[in-house]
Amino acid sequence: MIPVSRVLLATVLLTVTTGAASAALPAQNSPTRATSVPSKGTPTKSARPVWSDEGPAKWAPRPTESAITANDLRTRLYQFADDSMSGRRIGERGNWVGTEYIAREFKRMGLKPAGDSGTYFQTLPFGPIGIDSSSATLTVGGKALTQRSQWVPTVPSAANGVGSSVSIQNVPAVFAGQWGDTTVMLDAAAMRGKVLVFTASPAMRAVAASSGAPASFVSCMDVPDKFGANAAIAEEARQRANPSAPPARRPAIATAVRDARAQAAGAAAVLIIGLDDMQQTAINAAFAQPMGMRPASPLNAAAPAGASISRAVAEQLFGKPIDQVAVGTTGQPVTASWQHRWRVSPHPARNVVAVLPGSDPTIGAEYVLVGAHNDHVGVNPVVVDHDSVRAYNTVVRRQGANDPVCTPSPEQQKKIDSLIAHARSIRAPRRDSIMNGADDDGSGTVVLLEIAEKFAKEKPKRSIIFVSHQGEEGGLLGSRWFTDNPTIPLDKIVAAHNMDMVGKGKNWQVKYGGPNSVQMLGARRLSREFGDMIDSVNSNSKEPMAIDKSWDVPANPLNRFCRSDQVNYVRKDIPTVYMSLGYAIDYHQHTDEPQYIDYDHSARLGRFVHEVMTAIANRPNKPAIAGPDPTMPTCGR
């Protein structure tokens with residue numbers, strides 16, 4: 001599930017005083033190929049556990065069966081959330097290996113592929129976008145400049161209005177004054193087709209507020225309780241009534257100053273004398289290759305590309321210090337070539353889609369959907385001590401990344417130190433950098449596979465479609481792509497079930513938790529009948545669930561409903577339910593690993609979801625749509 005805020009977990013190290021990691025270390029293991037067909041084995045023996053919810057560190061795989069069982073889930077999740085998967089970040093090899101495993105399992109079960117071109121995969125147009133430093137060149141007067149120390153390209157943005165690419169040879173440079181000084185008109189006749197050189201605007205050199213990390217942390221005693229829906233609602237209401245001042249921020253250089261004069265004058269390219277004032281992070285960002293969906297069109301396609309140069313390069317251009325150069329002065333010829341472009345990831349980002357065809361000649365053309373997301377957040381650049389993080393979160397961060405990093409009180413610190421000392425009495429410090437995502441959403445993924453294996457031996461009247469969504473952590477990308485580019489008729493989906501974080505629900509982990517608990521949101525948002533059907537199935541089940549509906553309220557505590565893939569089905573008017581066992585201390589933490597999952601609880605939920613889907617699949621009429629509930633959040637759709 002997408003976090004409310006992406007706080008760097010490294011900050012935990014500032015508050016844990018005993019046994020914390022002090023040096024950055026490499027990831028624990030390099031990626032290896034996941035096993036597609038489990039082999040026989042038994043649980044690996046491990047040392048005495050540190051934590052009450054801790055299972056074995058390793059689990060030897062064994063063949064799975066058609067029933068939805070805890071051991072089948074263990075066999076799957078210990079592979080899927082292993083260190084070798086490197087956190088399964090979208091566009092990276094670990095995620096690609098994970099989707100290969102899911103597709104192989106669908107094929108082994110005999111399910112029909114329902115992705116692109118007769119495959120199990122629906123590939124998203126996702127990959128890196130940026131400027132290739134190996135091919136980017138800038139030459140002044142025939143002398144090649146050195147990247148980073150003498151020049152860096154300007155990354156185009158909507159804010160700066162700079163173009164995406166340039167390819168020019170021996171084009172004269174002309175000094176054009178100060179960037180952003182729109183009180184001065186540029187002579188288009190003299191500057192058309194030239195490289196315009198500007199000094200940086202004062203705003204680009206000034207120190208401004210940024211969205212960096214807080215300079216200091218609030219006391220944990222001042223952090224309000226958000227444990228459970230009611231507590232979250234109360235805190236959000238308090239914040240709306242008494243908005244507090246934002247925390248202190250690190251200074252940064254403001255660089256997004258727009259100036260349309262160069263484009264209006266027909267400039268071939270723009271050089272801004274500002275490299276000496278740039279922070280190293282901004283210089284590094286010039287050649288970064290962030291991942292993202294393919295843009296609809298190149299940004300600022302008609303505008304000239306730009307770069308920042310040093311004052312020494314400017315003097316090289318004009319033969320004198322820039323403060324002695326008059327507007328309109330012609331300098332050395334410039335040759336430049338670079339392109340800011342998107343390309344597909346070398347490890348494709350893929351939804352994995354399979355179908356079990358319905359047995360009824362009429363309603364078999366309709367679908368009941370179940371989904372979960374296969375991605376997580378990869379490897380963290382900061383290494384921490386595993387047990388220290390768990391100790392800290394147990395005391396002051398009960399919902400993991402949903403709660404802020406804070407400075408413990410002396411009493412809280414004493415409890416943290418005691419927990420760490422207990423861990424040290426059992427095992428040595430364990431350096432950890434991999435965000436395994438066992439609960440989020442490895443748990444949903446393996447329950448999805450268990451439900452699929454169960455249905456594969458059955459003949460429901462309606463078709464069942466299984467969708468392993470990609471890129472939920474990147475902004476619900478896979479579910480958005482699937483619902484905008486469906487591989488089956490979208491209007492034939494009669495109901496959708498999304499599972500996210502279905503691995504932890506003990507009463508000390510989540511409010512209203514317990515061995516049969518499930519948090520449920522959205523079932524009556526579009527179809528009251530859909531919610532009634534779920535309740536009816538539950539009341540007649542041999543394993544009834546304790547359904548917690550406290551999160552399914554107009555206040556939408558922690559923006560809960562809007563943070564997972566169900567949103568994109570609701571916006572297409574498909575009756576949708578979101579099921580979760582809730583947030584716990586390992587949410588978006590290094591400690592979200594297979595040994596802390598409650599497999600019996602997950603299996604019980606999987607059997608319940610299968611029951612609900614079976615009832616809908618075999619019912620003569622599909623859930624009637626009553627229309628959107630205007631009291632519920634729309635999630636910006």
Side-chain angles (χ1 to χ4, degrees), residues 106 111-125 350-373 448 451-452 455 459-472 476-499 521-534 561-562 564-579 609 612-630 632-637:
F106 283 160
L111 302 175
K112 286 183 58 179
D116 300 330
S117 305
T119 72
Y120 290 99
F121 300 115
Q122 184 189 36
T123 302
L124 280 61
R350 308 177 294 189
N351 290 329
V352 192
V353 192
V355 164
L356 175 67
S359 61
D360 188 275
T362 302
I363 63 174
E366 297 176 344
Y367 298 85
V368 179
L369 182 145
V370 61
H373 71 89
L448 171 71
I451 292 172
F455 269 120
K459 295 182 178 180
K461 293 182 179 181
R462 286 187 172 87
S463 297
I464 308 295
I465 183 165
F466 308 92
V467 186
S468 174
H469 295 115
Q470 179 62 262
E472 190 266 5
L476 316 184
L477 300 179
S479 56
R480 179 73 184 229
W481 186 255
F482 179 79
T483 53
D484 285 346
N485 304 273
T487 59
I488 51 119
L490 210 62
D491 61 357
K492 296 296 184 180
I493 301 176
V494 303
H497 308 74
N498 183 47
M499 301 177 297
L521 287 76
R524 289 181 169 82
R525 241 163 240 264
L526 293 171
S527 171
R528 296 179 184 87
E529 191 174 19
F530 183 31
D532 292 341
M533 289 171 61
I534 294 174
F561 187 77
C562 300
S564 193
D565 290 312
Q566 63 276 348
V567 172
N568 287 317
Y569 291 91
V570 171
R571 72 184 180 88
K572 295 293 186 178
D573 292 327
I574 296 171
T576 306
V577 64
Y578 162 46
M579 297 187 189
V609 175
V612 170
M613 293 179 64
T614 299
I616 295 171
N618 293 329
R619 189 173 185 267
N621 299 317
K622 61 186 179 182
I625 295 179
D629 184 341
M632 292 296 182
T634 61
C635 304
R637 70 186 183 101

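- Not a single donor-acceptor pair under 3.5 Å links the side chain of Thr119 to the backbone N or O of Ser117.
- The two atoms that bring Leu476 and Ser479 nearest to each other are O-OG, 3.3 Å, heavy atoms only.
- Looking only at distances, no side-chain donor or acceptor of Thr487 sits under 3.5 Å from a matching main-chain atom of Gly115.
- From Arg571, atom CZ reaches atom CG of Leu526 across 13.0 Å, with rounding to the nearest 0.5 Å.
- How far OH of Tyr367 is from CD1 of Ile574: 12.5 Å, rounded to the nearest 0.5 Å.
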Q: For Asp360 and Ile363, run side chain to side chain contact (heavy atoms under 4.5 Å, CB included): C-alpha distance rounded to whole Å, both residues' side-chain angles, the deciding distance at 0.1 Å, then the answer.
A: CA-CA 6 Å; Asp360 188 275; Ile363 63 174; 3.6 Å; yes
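- Distance alone, capped at 3.5 Å, places no donor-acceptor pair between the Ser468 side chain and the His373 backbone.
- Inter-residue side-chain proximity for Arg462 and Ile464 is flagged as unmet; no heavy-atom pair is nearer than 4.5 Å.
- Ionic pairing of Arg524 and Asp532 is present here: one or more N-O contacts between side-chain nitrogen and carboxylate oxygen are shorter than 4.0 angstrom.
- Annotation: the span from Thr483 atom OG1 to Asn568 atom CG amounts to 4.5 Å, rounded to 0.5 Å.
- Each of Leu356, Val370, Leu111 was checked for a side-chain contact (heavy atoms from CB on, under 4.5 Å) with Phe455, and the lone residue meeting it is Leu356.
- Between Arg480 and Glu472 there is no salt bridge, since none of the side-chain N atoms of the basic residue sits less than 4.0 Å from a carboxylate O of the acidic one.
- The backbone N or O of Gly358 sits less than 3.5 Å from a side-chain atom of Ser463, completing a donor-acceptor pair.
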Q.
Run Asn498 and Ser564 through side-chain hydrogen bond (donor to acceptor under 3.5 Å, both in side chains) and show every step you take.
A. CA-CA 8 Å; Asn498 183 47; Ser564 193; 3.1 Å; yes
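- The six-membered or imidazole ring of His497 lies away from that of Phe466, with a centre-to-centre distance of 6.0 Å or more.
- Put simply, the side chain of Asp116 gets close to the backbone of Thr123: a donor and an acceptor are under 3.5 Å apart.
- Atoms CG and CG, from Leu124 and Asn485 in turn, are 8.5 Å apart once rounded to the nearest 0.5 Å.
- Residues Glu529 and Arg619 are in side-chain contact: their nearest non-hydrogen atoms beyond the backbone lie under 4.5 Å apart.
- For the pair Arg350 (side chain) and Val352 (backbone), a donor-acceptor distance under 3.5 Å is absent.
- Across Ala452 and Phe106, no two heavy atoms sit closer than the pair CB-CE2, 4.0 Å.
- For the pair Asn618 (side chain) and Pro460 (backbone), a donor-acceptor distance under 3.5 Å is absent.
- Summarising the geometry of Phe530 relative to Pro623, their closest heavy-atom pair is CB-CB, 4.0 Å, with the distance given to 0.1 Å.
- Annotation for Gly118 and Pro113: closest pair O-CG, 3.4 Å, computed over non-hydrogen atoms.
- Taking the ring axis of Phe561 as reference, the NZ or CZ atom of Arg525 stays within 45° of it and closer than 6.0 Å to the ring centre.
- Annotation: side chain of Val353 is in contact with side chain of Ile465 (closest heavy-atom distance under 4.5 Å).
- Note that CD1 of Ile616 is 6.0 Å distant from CD1 of Ile534, once rounded to the nearest 0.5 Å.
- Counting only heavy atoms from C-beta outward, the side chains of Met579 and Val609 approach each other to under 4.5 Å.
- Between Lys492 and Glu366 no salt bridge is recorded (no basic side-chain N to carboxylate O distance below 4.0 Å).
- Asn351 contributes a side-chain N or O that, together with a main-chain N or O of Gln470, makes up a donor-acceptor pair within less than 3.5 Å.
- One finds the OH atom of Tyr569 at 7.0 Å from the CG atom of Asp565 (value rounded to the nearest 0.5 Å).
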(Q) For Lys572 and Asp484: C-alpha separation, side-chain torsions, deciding distance, then whether salt bridge (Lys or Arg N to Asp or Glu O under 4.0 Å) applies. (A) CA-CA 9 Å; Lys572 295 293 186 178; Asp484 285 346; 3.3 Å; yes
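- Aromatic ring pairs are classed by plane angle as parallel below 30°, tilted from 30° to 60° and perpendicular above 60°; the pair His469 and Phe482 is perpendicular.
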